[in-house]
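Down below is the structure, laid out as structure tokens.
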Protein chains: 2
Amino acid sequence: MVTRGEDGVSAEKREVILKAIEELNYRPNVLARSLVERRTRILGVMISDLRNPFFGGVVSGIQGRAAELGYRVLFNTGDRQRELEEEAIESFLDLSVDGLVLASPRVDDEFIARAGHSVPIVVLNRNTIDDLSDSVTNDNIAGARLAVEHCVSFGHERIAFISGGDSAAAQVRREGYLRAMREFDLADDILIVEGVHTEEGGFRGARELLKMKSLPTAVFASNDLCAIGAMNALEEAGLTIPDDLSVVGYDNTTLAALRHIDLTSVDQPGNVMGRSAIDRIAERINGERLTPRHDVVAPSIVVRSTTGPPPDQRKGVTPSTKPIENTSHLNGSE
Amino acid sequence: MVTRGEDGVSAEKREVILKAIEELNYRPNVLARSLVERRTRILGVMISDLRNPFFGGVVSGIQGRAAELGYRVLFNTGDRQRELEEEAIESFLDLSVDGLVLASPRVDDEFIARAGHSVPIVVLNRNTIDDLSDSVTNDNIAGARLAVEHCVSFGHERIAFISGGDSAAAQVRREGYLRAMREFDLADDILIVEGVHTEEGGFRGARELLKMKSLPTAVFASNDLCAIGAMNALEEAGLTIPDDLSVVGYDNTTLAALRHIDLTSVDQPGNVMGRSAIDRIAERINGERLTPRHDVVAPSIVVRSTTGPPPDQRKGVTPSTKPIENTSHLNGSE
DNA sequence: ATGAAAGCGCTAACAT
DNA sequence: ATGTTAGCGCTTTCAT
């Protein structure tokens with residue numbers, strides 16, 4: 001009672017006990033408490049890729065909101081491998097965490113559904129099919145459309161897409177790209193090369209692009225890491241960005257905001273999404289809601305200096321006077 | 001016995017039990033087991049700054065080695081704040097983890113010593129004073145010397161240092177800078193501006209530098225983030241790197257290797273250090289060693305394109321023909 | 001090889 | 001207000 005700050009003890013005795021606790025360096029056994037209380041007040045968070053700076057904002061949001069609600073948070077990662085993700089999640093289930101946040105997981109829907117029987121789950125940036133888990137996503141379809149639209153507004157038509165591999169968000173962004181291209185009557189210009197959500201993935205994707213007989217004038221990469229890798233490959237091939245080719249990324253990570261990169265990118269608010277995830281978990285834990293909820297937050301586009309008009313529309317324009325829209329250098333995704 | 005793969009059960013019975021486990025979706029209660037076994041097989045890892053890509057390599061190393069040794073790993077971060085770090089660590093102690101890795105912590109020595117009474121601790125990139133905890137560091141004195149020596153080899157004399165704030169590694173790097181400057185008879189050229197181990201910190205530090213009447217010809221920043229922030233400020237002020245000013249970072253993160261940044265940086269092998277940390281923990285857990293051990297790994301310098309000769313030694317050299325030493329673009333710290 | 005019993009450190013329910 | 005007891009789900013020890 002004393003250790004939990006409850007009443008039912010006289011003030012004098014309380015003092016004695018507290019002193020004894022101090023002296024003996026006593027620490028209540030959380031394991032034993034959790035065993036009998038049947039809850040741990042711990043939330044598990046599985047981050048698919050700790051190296052992707054996008055998750056930095058997500059982590060902050062999760063930590064902040066969890067602390068406000070009195071939960072402890074523990075993190076784990078699957079290092080972009082499905083099997084390791086499964087282990088990480090099993091680990092949390094073994095620990096009997098009270099709730100689970102899965103950030104861009106690549107495990108099966110079935111796996112999530114099964115885990116959902118043991119504990120409330122919120123999935124970030126991916127939809128879930130079962131009735132037990134919630135999701136918080138950014139509208140990747142709309143985000144991809146923003147990217148394409150931005151290029152179109154400059155006059156681009158041949159806009160290629162470097163895909164993001166097997167992640168769920170990547171699939172939706174690809175679909176968003178396809179839809180947007182059709183919407184703008186550019187169905188014939190659709191061009192997709194396969195990539196991965198890493199710098200290496202973007203690098204390879206761009207190399208594929210460079211093999212083609214005629215290059216696109218703009219490239220939309222499935223995330224910032226991928227876009228940066230692509231830029232490396234393109235510039236290594238002697239191309240100038242954005243004069244020869246425009247590049248758009250996704251996530252608006254701190255990387256994109258670096259002056260040396262200054263990448264136009266679709267922004268998704270990781271911090272807000274992290275906070276929402278914790279709110280959804282708390283609702284489930286408290287039994288305040290039994291039906292699934294799927295939050296979708298709106299993306300926006302942050303225009304920096306990697307996008308501009310296509311080459312054929314800037315004849316006579318000298319590089320030094322070309323228009324550069326360049327906003328918010330330091331405005332990362334947090 | 002069955003769940004632990006032990007013998008002492010007949011094969012037929014075992015099969016029956018395993019089938020029942022499957023059907024009932026039974027999951028052994030790790031909490032109860034840990035309560036009685038007095039160990040959790042869980043290692044806690046507190047990372048001071050999840051946003052710093054240097055720790056990506058550390059995390060991989062830790063995960064890999066821990067998995068090999070049969071430990072589960074859980075991560076937590078203090079988000080660069082001492083108090084949050086303490087909470088994160090308390091959290092792990094409450095959980096009764098079997099071991100604790102603290103990566104570049106900013107908590108007090110006393111705090112670490114106290115925690116060391118409950119559980120084996122290995123501290124990364126910082127020395128510990130007590131007899132109960134071990135440490136794995138890179139030789140920051142030697143690393144700082146490498147940075148200064150590299151500049152000196154180009155002919156630089158006025159080499160400034162942008163400090164890294166209150167982190168332990170930052171203090172040692174500062175000391176290493178001072179020693180190296182004296183060693184190369186450049187004591188009169190010592191110039192330190194205060195920074196922090198973030199992009200913002202480097203940006204501000206460089207702004208301080210820019211206020212001075214005469215600029216240094218080289219800047220050694222306490223880590224890569226800091227160096228990149230400094231480069232932003234310097235280039236915004238119209239300076240060209242490395243023609244007007246050379247820049248060296250520390251950590252050789254994936255950021256430094258980005259083609260658009262291509263930063264000369266002192267490399268410390270995060271992956272190796274992470275693996276060593278787990279080995280030290282395991283030794284302590286198994287009671288194989290009772291005396292503290294302090295591993296020091298040697299840093300190296302990766303030369304890229306942000307360093308070159310000082311302006312006064314390249315008269316008549318046109319920018320296009322200036323020598324650029326540029327190695328290992330994609331050789332990050334992992 | 002199998003069963004029964006004790007106890008890890010705590011909370012909750014009941015008794016004093 | 002305080003003391004006592006049972007039991008959370010497991011492992012370990014001792015009997016069978």
Side-chain angles (χ1 to χ4, degrees), chain A residues 1-44 70-72 74 87 89-100 114-115 117-120 285-287, chain B residues 1-44 69-72 74 89-100 114-115 117-120 285-287:
Chain A
M1 289 172 138
V2 178
T3 57
R4 274 169 291 154
E6 291 174 22
D7 53 353
V9 209
S10 59
E12 319 106 63
K13 293 229 167 200
R14 169 170 306 235
E15 209 165 316
V16 174
I17 295 172
L18 286 175
K19 201 191 318 191
I21 286 178
E22 183 69 21
E23 279 174 12
L24 298 174
N25 198 20
Y26 168 82
R27 177 180 292 278
N29 188 319
V30 174
L31 259 42
R33 174 182 291 179
S34 298
L35 182 60
V36 52
E37 279 192 334
R38 299 159 160 287
R39 66 165 173 176
T40 53
R41 295 164 193 268
I42 294 174
L43 303 181
Y71 289 103
R72 325 203 102 160
L74 292 175
E87 279 177 31
I89 295 170
E90 294 283 3
S91 216
F92 281 136
L93 295 179
D94 280 352
L95 235 185
S96 341
V97 292
D98 289 352
L100 212 44
R114 199 160 354 107
H117 286 285
S118 321
V119 64
I285 290 176
N286 300 332
Chain B
M1 289 172 137
V2 177
T3 57
R4 275 169 288 152
E6 289 173 22
D7 54 351
V9 207
S10 59
E12 319 106 63
K13 292 229 167 195
R14 166 166 307 220
E15 209 166 315
V16 174
I17 294 172
L18 286 175
K19 200 188 322 187
I21 286 178
E22 183 70 22
E23 279 174 12
L24 298 174
N25 197 20
Y26 167 83
R27 177 181 292 278
N29 187 319
V30 174
L31 260 39
R33 172 182 293 179
S34 298
L35 182 60
V36 53
E37 280 193 331
R38 298 162 159 287
R39 66 163 174 180
T40 54
R41 294 162 194 269
I42 293 175
L43 303 181
L69 298 180
Y71 290 102
R72 327 204 101 159
L74 292 175
I89 295 170
E90 293 283 3
S91 216
F92 281 135
L93 295 179
D94 280 352
L95 235 185
S96 345
V97 292
D98 289 351
L100 211 44
R114 201 164 348 111
H117 285 286
S118 320
V119 65
I285 291 176
N286 300 332

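Sequence lines set the chain letters: A, B, ... in the order given, protein chains first and strands last, and positions in each chain run from 1.
B/S34 pairs in a side-chain contact (heavy atoms from CB on, under 4.5 Å) with only one of the listed residues (B/T40, B/I42, B/N29), which is B/T40.
Separating the CG atom of B/L31 from the P atom of D/dC10 is a distance of 10 Å, rounded to the nearest angstrom. The OH-C1' distance, from A/Y26 to C/dG9, rounds to 7 Å in whole Å. Look at CG on B/N29: it is 7 Å from P on D/dG9, rounded to the nearest Å. Following rounding to the nearest Å, B/R39 (CZ) and D/dT11 (P) show an atom-to-atom distance of 11 Å. Spacing between atom CD1 of A/I21 and atom P of C/dC10 amounts to 10 Å, rounded to whole angstrom units. The nearest whole Å value for the distance from the CG atom in A/D94 to the C1' atom in D/dG9 is 14 Å. As a whole-Å value, the separation of B/L95 CG from C/dG9 P is 17 Å.
Summarising the geometry of A/I89 relative to A/L100, their closest heavy-atom pair is CG2-CD2, 3.8 Å, with the distance given to 0.1 Å. Between B/L74 and A/L74, the shortest heavy-atom contact is CD1-CD1, 3.5 Å. Considering every non-hydrogen atom in both A/L93 and A/S118, the closest pair reads CD2-CB, 4.3 Å. The heavy-atom pair separating B/I285 from B/G99 by the smallest distance is CD1-N, 4.5 Å.
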What pairs of nitrogen or oxygen atoms, one from the protein and one from nucleotides 11-15 of chain C, lie under 3.5 Å apart?
unit_1: C/dT11; atom_1: OP1; unit_2: A/R4; atom_2: NE; d: 3.4
unit_1: C/dT11; atom_1: OP1; unit_2: A/R33; atom_2: NE; d: 2.6
unit_1: C/dT11; atom_1: OP1; unit_2: A/R33; atom_2: NH2; d: 3.1

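Taking side-chain N and O atoms only, A/R38 has a distance below 4.0 Å to OP1 or OP2 of D/dG9.
Taking five base pairs at each end of the helix from C/dT2-D/dA15 to C/dA15-D/dT2, the local helix axes there meet at an angle of 40°, rounded to 10°.
Under a 3.5 Å cut-off, the side chain of A/D98 and the backbone N or O of A/L43 do not form any donor-acceptor pair.
Atom OH of residue B/Y26 and atom CG of residue B/L24 lie 10.5 Å apart, to the nearest 0.5 angstrom.
Residues satisfying the salt bridge (Lys or Arg N to Asp or Glu O under 4.0 Å) test with A/D94, not counting sequence neighbours, are B/R27, B/R72.
In this structure, A/E90 places its CD atom where more than 12 heavy-atom neighbours from other residues, nucleotides or ligands lie under 6.0 Å away.
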